[in-house]
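Lettering of chains follows the sequences in order, A, B, ..., and the numbering in each one begins at 1.
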Protein chains: 2
Amino acid sequence: MVTIKDIAKLANVSTATVSYVLNNTRPVHPDKEKKVREAIKELNYVPNSAARGLRSKKNQTIGLVITDITNPFYPNLAKGCQEVLKQNDYTLMMYNSDEQHDQISNVVRHVREGKLDGIILANLVTTDIDNLKALNELNFPTVIVHRNLKNINMDSVVVDNYSGAHAGTEHLIGLGHKNIIFFQGINESPVTIERKNGYIDAMKTNGLEPCIKEGKGSYQASYSQTLKLINDESQKNPTAIFASSDIMAFGVMDAVKTQGLSVPEDISVIGYDDLFMSSWNSIQLTTVRVPTFELGKQAARLLLRKMNNDSEKKNHLVLQTELIIRKTCNPL
Amino acid sequence: MVTIKDIAKLANVSTATVSYVLNNTRPVHPDKEKKVREAIKELNYVPNSAARGLRSKKNQTIGLVITDITNPFYPNLAKGCQEVLKQNDYTLMMYNSDEQHDQISNVVRHVREGKLDGIILANLVTTDIDNLKALNELNFPTVIVHRNLKNINMDSVVVDNYSGAHAGTEHLIGLGHKNIIFFQGINESPVTIERKNGYIDAMKTNGLEPCIKEGKGSYQASYSQTLKLINDESQKNPTAIFASSDIMAFGVMDAVKTQGLSVPEDISVIGYDDLFMSSWNSIQLTTVRVPTFELGKQAARLLLRKMNNDSEKKNHLVLQTELIIRKTCNPL
DNA sequence: ATGAAAGCGCTAACAA
DNA sequence: TTGTTAGCGCTTTCAT
């Protein structure tokens with residue numbers, strides 16, 4: 001293994017000088033710098049990251065915690081983070097576990113081991129608040145993405161879930177729908193709650209009665225729920241369903257079709273997120289677009305800023321959603 | 001920050017003893033061990049990973065290189081890796097970049113920096129062979145997953161792409177189809193080549209003429225290609241299309257529907273991979289299932305073994321595919 | 001079974 | 001502008 005000593009020897013300078021040119025931390029005479037650079041190239045030297053980390057307490061790596069890598073919502077967010085992190089010579093470490101608790105404790109351990117310089121937390125559920133507080137009190141650079149936290153003051157970048165849902169509902173109402181059902185996602189998720197509230201308020205403002213069903217954030221649950229809904233006589237027939245995520249909208253639409261009904265002729269459907277397959281020709285889902293890539297980029301940028309300027313006050317960025325009108329909503 | 005010295009002091013032992021109990025590397029008197037453990041708990045001590053890494057040249061982290069995290073094929077593979085790695089106290093670092101070259105050089109840099117203890121490479125294209133060879137010569141623990149390499153002897157775990165494609169083609173032929181078109185994926189990918197060969201051989205064996213079209217591994221390209229195919233008069237009408245990945249099959253099916261034809265009544269379609277949405281009710285794609293999760297698990301296991309037993313000869317695991325018959329293929 | 005101490009490769013304080 | 005050197009927190013050799 002080639003070390004800084006080898007470079008120093010070959011270039012006829014001290015290890016300090018090598019370090020200076022490596023990190024640009026002090027002016028170095030051009031001749032010496034040249035020699036050092038040549039030596040580095042000749043021996044194909046790469047600084048050891050553990051040694052660096054031990055000295056400087058920085059590892060150039062930041063952690064991204066997501067609930068489920070399998071959920072097509074996250075990869076783009078991760079990509080966004082990665083793009084800006086990479087530009088700044090940081091590496092992204094992804095933490096993803098179906099067991100919420102496991103995941104957080106893992107990350108906290110790594111933080112305490114000094115492996116991470118900062119973390120980005122994506123869409124945790126409200127039950128994590130305690131862990132979050134602990135992290136916050138450690139004063140460890142952390143930003144929350146895609147989640148709004150009322151009770152705890154942490155940096156965050158989120159999407160305006162409320163107004164996206166409000167706009168989506170208004171769209172349906174504008175089309176003449178009155179009996180609009182909302183499928184909510186995972187119960188504890190603030191994202192779901194905000195979206196639900198946007199829907200409820202839009203309904204009430206228009207003198208309509210909100211009606212919430214459980215979609216549990218999954219295709220399957222939404223599918224069965226829809227089946228039940230359609231076959232339940234006591235249910236006044238809904239003319240539109242607002243699914244609080246695209247995945248759920250897919251389940252809804254598939255169930256509708258199974259029953260010999262069609263979207264949007266019999267039932268209008270609107271989703272939320274705008275996953276990549278929502279624009280496919282066979283789907284053409286009208287939905288509320290969430291700028292996931294941008295969310296990731298902004299989160300990473302904010303984190304980087306915090307890491308360089310610890311004293312800065314807390315930031316709360318809110319990105320806007322966009323209603324994407326495709327072909328799953330008809331006027332009544 | 002709590003260090004090993006603090007523990008040693010509090011427990012009235014040497015730092016060596018603390019290290020021994022921490023790593024179980026030497027027998028320690030039960031009394032002392034108890035004291036040490038109490039001290040660790042009391043001070044809430046966690047060993048610093050950089051210091052450990054510097055000393056022991058191990059970082060308990062391994063890298064997974066994938067082409068595109070956005071491709072729904074990979075998350076499950078990553079999950080599989082993560083599951084076994086986590087059980088063995090390793091962390092997974094995901095490298096994913098659309099620019100192939102960038103990605104590899106990044107990983108190689110990290111290897112040389114000593115950040116990684118091993119790497120798993122997923123589905124690279126043939127143009128990476130040089131980088132791969134370099135890695136191989138470094139004798140750095142590496143396993144290739146979902147890729148078959150002829151010219152270079154590296155550990156690998158792959159799926160039997162050839163026979164999966166062969167079986168899929170036979171299925172179509174068994175249904176009476178003769179005019180079966182194969183949509184190939186990304187050109188340089190060995191995976192695509194193997195699948196194509198399986199198709200070609202099955203066709204020839206049955207006295208049929210193979211016909212390959214470019215699907216480029218994407219929904220869009222397959223969509224347009226299918227449109228062209230259907231509207232091209234010179235093309236004798238195909239009765240079945242074998243897409244070498246599900247994503248491409250989706251594009252094919254959507255294009256077919258756009259033309260007023262239907263699957264499987266007018267054209268049978270079969271995919272490859274079995275992505276999560278392939279089983280959705282509106283899709284029900286007949287496909288060749290690739291055990292992605294298992295692929296990841298086996299790759300991680302193999303890597304771990306290599307890391308502990310460097311001298312072991314090269315391993316080449318081949319997992320089997322499974323033909324999943326759903327509803328997109330009709331008898332002719 | 002245990003402790004003293006060297007040293008992993010690097011950065012940066014201090015001295016020149 | 002440059003060099004000497006201490007020391008980051010840990011593992012492990014050597015001695016006991």
Side-chain angles (χ1 to χ4, degrees), chain A residues 1-40 43-61 89 109-117, chain B residues 1-40 43-61 89 109-117 307-308:
Chain A
M1 175 182 211
V2 182
T3 76
I4 204 172
K5 280 188 184 172
D6 301 318
I7 304 301
K9 194 176 290 176
L10 183 59
N12 250 313
V13 297
S14 71
T15 60
T17 302
V18 178
S19 178
Y20 298 148
V21 347
L22 237 31
N23 303 303
N24 233 319
T25 111
R26 273 221 196 323
V28 167
H29 189 90
D31 289 356
K32 301 218 174 196
E33 170 166 356
K34 188 160 165 266
K35 282 205 157 192
V36 169
R37 295 212 182 280
E38 283 170 359
I40 288 175
L43 300 186
N44 202 2
Y45 166 72
V46 177
N48 176 283
S49 79
R52 269 198 165 159
L54 179 56
R55 257 321 297 228
S56 61
K57 267 95 183 68
K58 298 272 162 246
N59 293 285
Q60 299 299 115
T61 118
D89 283 314
R109 210 191 71 230
H110 281 178
V111 165
R112 308 201 57 233
E113 281 178 354
K115 274 197 166 176
L116 266 18
D117 299 337
Chain B
M1 176 182 212
V2 182
T3 75
I4 205 173
K5 281 189 183 170
D6 302 316
I7 304 300
K9 194 176 292 174
L10 184 59
N12 250 312
V13 296
S14 71
T15 60
T17 302
V18 178
S19 178
Y20 298 149
V21 350
L22 237 31
N23 302 304
N24 232 318
T25 111
R26 272 221 200 319
V28 168
H29 189 89
D31 290 357
K32 301 218 173 194
E33 171 165 355
K34 188 160 164 266
K35 283 205 156 190
V36 169
R37 295 213 182 280
E38 283 169 1
I40 287 174
L43 300 186
N44 201 2
Y45 167 73
V46 177
N48 177 282
S49 79
R52 272 201 162 158
L54 179 56
R55 258 317 301 228
S56 62
K57 267 96 182 67
K58 297 273 163 243
N59 294 283
Q60 297 299 116
T61 117
D89 283 315
R109 210 190 71 231
H110 280 179
V111 166
R112 309 202 56 233
E113 281 177 355
K115 274 197 167 177
L116 267 19
D117 299 338
M307 287 168 38
N308 293 327

**Q** Evaluate whether atom NZ of B:Lys5 has more than 12 neighbouring non-hydrogen atoms of other residues, nucleotides or ligands under 6.0 angstrom away.
**A** no
**Q** Checking all strands, does A:Thr15 fall into the base, sugar-phosphate, or nothing category for heavy-atom contacts under 4.0 angstrom?
**A** base
**Q** Hey, what bend do you get for the helix from C:dA1-D:dT16 to C:dA16-D:dT1 if you fit axes on five pairs at each end, rounded to 10°?
**A** 40°
**Q** Picking from C:dG9, D:dG3, D:dG9, which would you name as closest to the side chain of A:Ala16?
**A** D:dG3
**Q** Quick one: closest heavy-atom pair of A:Ala50 and B:Gly53, and the distance?
**A** CB-C, 3.8 Å
**Q** Decide yes or no for A:Leu22 and A:Arg52: does some side-chain heavy atom of the first lie under 4.5 Å from some side-chain heavy atom of the second?
**A** yes
**Q** Does the side chain of A:Lys34 reach to within under 4.5 Å of the side chain of A:Glu38, using non-hydrogen atoms?
**A** yes
**Q** Of all the choices, D:dG3, C:dG9, C:dT11, which nucleotide is nearest to the side chain of A:Ser19 once you look at every atom?
**A** C:dT11
**Q** Which nucleotide in the set D:dC10, C:dT2, D:dG9 lies at the smallest distance from any side-chain heavy atom of B:Val28?
**A** C:dT2
**Q** Describe the nucleic acid contact of B:Lys5 in one word from base, sugar-phosphate, nothing, applying a heavy-atom distance below 4.0 Å.
**A** nothing
**Q** Check every strand shown and say whether A:Val13 touches a base, only sugar-phosphate, or nothing at a heavy-atom separation below 4.0 Å.
**A** sugar-phosphate
**Q** Are A:Asn48 and B:Leu54 close enough that some pair of their side-chain heavy atoms sits under 4.5 Å apart?
**A** yes
**Q** Under a 4.5 Å cut-off applied to non-hydrogen side-chain atoms, are A:Leu116 and A:Thr61 in contact?
**A** yes
**Q** Under 4.0 Å, counting only non-hydrogen atoms across every strand here, what does A:Thr17 touch: a base, just sugar-phosphate, or nothing?
**A** sugar-phosphate
**Q** What are the two closest non-hydrogen atoms of B:Val2 and B:Leu43, and how far apart are they?
**A** CG2-O, 3.5 Å
**Q** Counting the atoms with a prime plus P, OP1 and OP2 as sugar-phosphate, which does B:Lys32 contact under 4.0 Å by heavy atoms, base, sugar-phosphate, or nothing?
**A** sugar-phosphate
**Q** Counting side-chain heavy atoms from CB outward, which of D:dT1, C:dG3, C:dT11 is closest to A:Pro27?
**A** D:dT1
**Q** Confirm from the modelled atom types if A:Arg55 and D:dG7 form a donor-acceptor pair under 3.5 Å, side chain to base only.
**A** yes
**Q** Tell me whether the count of non-hydrogen atoms from other residues, nucleotides or ligands lying under 6.0 Å of NZ in B:Lys35 goes above 12.
**A** no
**Q** Quick one: which protein N/O atoms are closer than 3.5 Å to N/O atoms of nucleotides 14-16 of chain D? Pair and distance per line, please.
**A**
none

**Q** Looking only at non-hydrogen atoms, find the nearest pair between A:Val46 and B:Arg109 and report the distance.
**A** CG1-O, 4.3 Å
